[in-house]
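To keep things clear, I will list the structure first and then write my remarks on it.
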Amino acid sequence: MSMRKITLAVLLAAALAGCGASKDKAEELIETSGLTKNYSTIVEMASASYASRYPMLEREQIRNVVRDKLDPDELKSEMVDIYADHFDNDELDLMIRANKHPEQAMAIILGSKQGRALAEKVMEVQKTIAQDMQEAMVDSDDAIIDELDDMKDELKG
C-alpha cells in the first residue's frame, strides 16, 4: 500500500467524521477530528506498507523513518489548507459539530438541508481532496523511500 493510498483512506475517514473558509475553522475541524490519533494510524499503515518493500529492515527502524519524515505539524498544516480551500465556514462548522457529537453525526449531517448538501459536496470533492493531499505528501514519500533505500544499501555493505 503506497503513501497515496494511505492518505486517501485517512482523508475519506476524516471527510465524513470531518470553499474558501478560514484556516482557523479548518484547523478547528482537524483538531476535533482527532488528527493525533489519525497520525499514529498513518505511521502504522505507512510502516506496514514500507515493511513489505524493505523486509531486511526491522519494523521499528521503518517506523522511526516514517515518523522522522512525516511531520505531524506539516501534515496538519496541509490538511488545514486543503479543507479551507474546499469548504466554507458554515460547512466546516457543521462538520465540527458532527465531530464534537459523533453519536449524533448522521442526524446532524442528514437532518438538515445544509447537512445533506454538505454530504453531497463531500462526495463530489473527495477525489479532489485526495489528489491535493497526495500531492502534498509526495515529498515525504520520496524522502522516506530515499532513507529506507540508504539503510538497505548499508546492510548490503
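On a predicted model such as this, the values are computed, not experimentally measured, just so you know.
- Y50 and I145 get closest at one heavy-atom pair: CE2-CG1, 3.9 Å.
- Using a 4.5 Å heavy-atom threshold, the side chains of V122 and F87 count as touching.
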Worked check of side-chain contact (heavy atoms from CB on, under 4.5 Å) between K76 and M79:
CA-CA 5 Å; K76 177 182 173 183; M79 290 177 73; 5.8 Å; no
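- Nearest approach of V66 to V43, heavy atoms of both residues: CG1-CA, 4.0 Å.
- Between S22 atom OG and N89 atom CG the span is 4.0 Å, to the nearest 0.5 Å.
- Atoms CG and CG, from L92 and N99 in turn, are 10.5 Å apart once rounded to the nearest 0.5 Å.
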Show, in sequence, the C-alpha distance, side-chain angles and deciding distance for T32 and M95, and conclude whether the side-chain contact (heavy atoms from CB on, under 4.5 Å) test is met.
CA-CA 9 Å; T32 62; M95 288 190 277; over 6 Å; no
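- Remark: E154 pairs with no residue by the salt bridge (charged side-chain N to carboxylate O under 4.0 Å, His left out) rule, at least two apart or across chains.
- Using a 4.0 Å cut-off between charged nitrogen and carboxylate oxygen, K100 and E28 count as a salt-bridge pair.
- Closest of all the heavy-atom pairs between A84 and K23 is CB-CG, 4.2 Å.
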Please walk me through it: do E44 and R63 pass side-chain contact (heavy atoms from CB on, under 4.5 Å)?
CA-CA 7 Å; E44 285 306 311; R63 269 190 214 102; 2.9 Å; yes
Carefully, step by step, assess E91 and K25 under the rule salt bridge (charged side-chain N to carboxylate O under 4.0 Å, His left out).
CA-CA 10 Å; E91 292 165 332; K25 285 285 180 195; over 6 Å; no
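- The minimum heavy-atom distance linking E147 with D68 is given by the pair OE1-OD2, 4.1 Å.
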Going through the distances and angles, do E60 and R67 end up as a salt bridge (charged side-chain N to carboxylate O under 4.0 Å, His left out)?
CA-CA 10 Å; E60 191 56 33; R67 281 186 202 109; 3.4 Å; yes
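- Residue L118 holds its CG atom at 8.5 Å from CG of D88, rounded to the nearest 0.5 Å.
- Of all heavy-atom pairs between V65 and M151, the closest is CG2-SD, 3.5 Å.
- Among all heavy-atom pairs drawn from L155 and L57, the shortest one is CD1-CD2, 3.5 Å.
- Side chain of S140 to backbone of K69: a donor-acceptor contact under 3.5 angstrom is found.
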Show your reasoning for whether side-chain contact (heavy atoms from CB on, under 4.5 Å) applies to E27 and Y83.
CA-CA 9 Å; E27 186 170 351; Y83 276 92; over 6 Å; no
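- Annotation: E58, atom CD; neighbour count of heavy atoms from other residues, nucleotides and ligands within 6.0 Å does not exceed 12.
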